[in-house]
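Comments concern the structure below.
When reading the values below, keep in mind they use all heavy atoms of this one structure, side chains included, and skip hydrogens, waters and symmetry mates.
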Amino acid sequence: MHEIGVPDLYHRLDRLERSNRRWKGAVLTGLMLLTIGWALPAEDTVRAEAFELIDGQGRVRALLALEDSNPELHLLDEDGVRRASLVHDAQQTGLFLQDPEGDTRVGAAYFAHGGSGYALHGPGGEGAFVLYLKDTGTLTHYGPGGDVLARFPQSP
């Protein structure tokens, strides 16, 4: 079992929280701009199957579209890699932050069955700390192979 020191865990959590605040600010700014557009009178409403926000070089940096009739908002880096995604479908409503390789590293979701969770994933999606709450809460540490390394509270 890989042990991580408490100071290192606090440092990593602090870095993650700062990054999360920046991404949330960007997503909220985009949502505010979209909300302003939705507040216009019906005759001024723009309707489309997808919206792309491009930078000065013509690269798509944000995408609002439907995936299987479900709304999704994605922020992309300069290489076109999804770095933040806000999704809603029949199973969940979630915010996911991806690393430069496109792997989800942070996820926060509310699930259709009533539970909600927050997950921190390792590089390549290997290993995770998952905080989950429905009727009771758990904090679970998963190893690279998906095996449970630790759980609080411990299962009987």
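- Contact record, Ala84 with Trp23: CB-CE3, 3.3 Å, taken as the closest heavy-atom pair.
- Between Tyr142 and Glu126 the shortest side-chain heavy-atom distance does not fall below 4.5 Å.
- Under the 4.5 Å side-chain criterion, counting only non-hydrogen atoms from C-beta, Leu95 is not in contact with Ser85.
- Grouping Ile, Leu, Val, Met, Phe, Trp and Tyr residues whose side-chain heavy atoms lie under 4.5 Å apart, directly or via other members, leaves Leu53 alone, with no other cluster members.
- A salt bridge links Glu78 to Arg61: at least one charged side-chain nitrogen sits closer than 4.0 Å to a carboxylate oxygen.
- A distance-only check finds no donor-acceptor pair linking the side chain of Asp79 to the backbone of Val81 [under 3.5 Å].
- When the salt bridge (Lys or Arg N to Asp or Glu O under 4.0 Å) test is applied to Asp89, no partner is found at least two apart in sequence or on another chain.
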- Passes side chain to side chain contact (heavy atoms under 4.5 Å, CB included), Phe96 versus Val106? Steps please. CA-CA 6 Å; Phe96 304 95; Val106 178; over 6 Å; no
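- For the ring-ring contact (aromatic ring centres under 6.0 Å, His included) test, residues two or more places apart in sequence or in another chain that qualify with Phe111 are His113.
- Under the salt bridge (Lys or Arg N to Asp or Glu O under 4.0 Å) criterion, no residue pair touches residues 64-75, with sequence neighbours excluded.
- For the residue pair Tyr118 and Leu16, the shortest heavy atom distance occurs at OH-CD2, 4.4 Å.
- Annotation: salt bridge (Lys or Arg N to Asp or Glu O under 4.0 Å) contacts involving residues 133-143, sequence neighbours excluded, are absent.
- Side-chain contact between Thr140 and Val148: present, with at least one pair of heavy atoms (C-beta onward) separated by less than 4.5 Å.
- A donor-acceptor pair shorter than 3.5 Å cannot be found between the side chains of His121 and Thr104.
- Applying the salt bridge (Lys or Arg N to Asp or Glu O under 4.0 Å) definition to pairs two or more places apart or across chains, those involving residues 92-105 are Asp99-Arg105.
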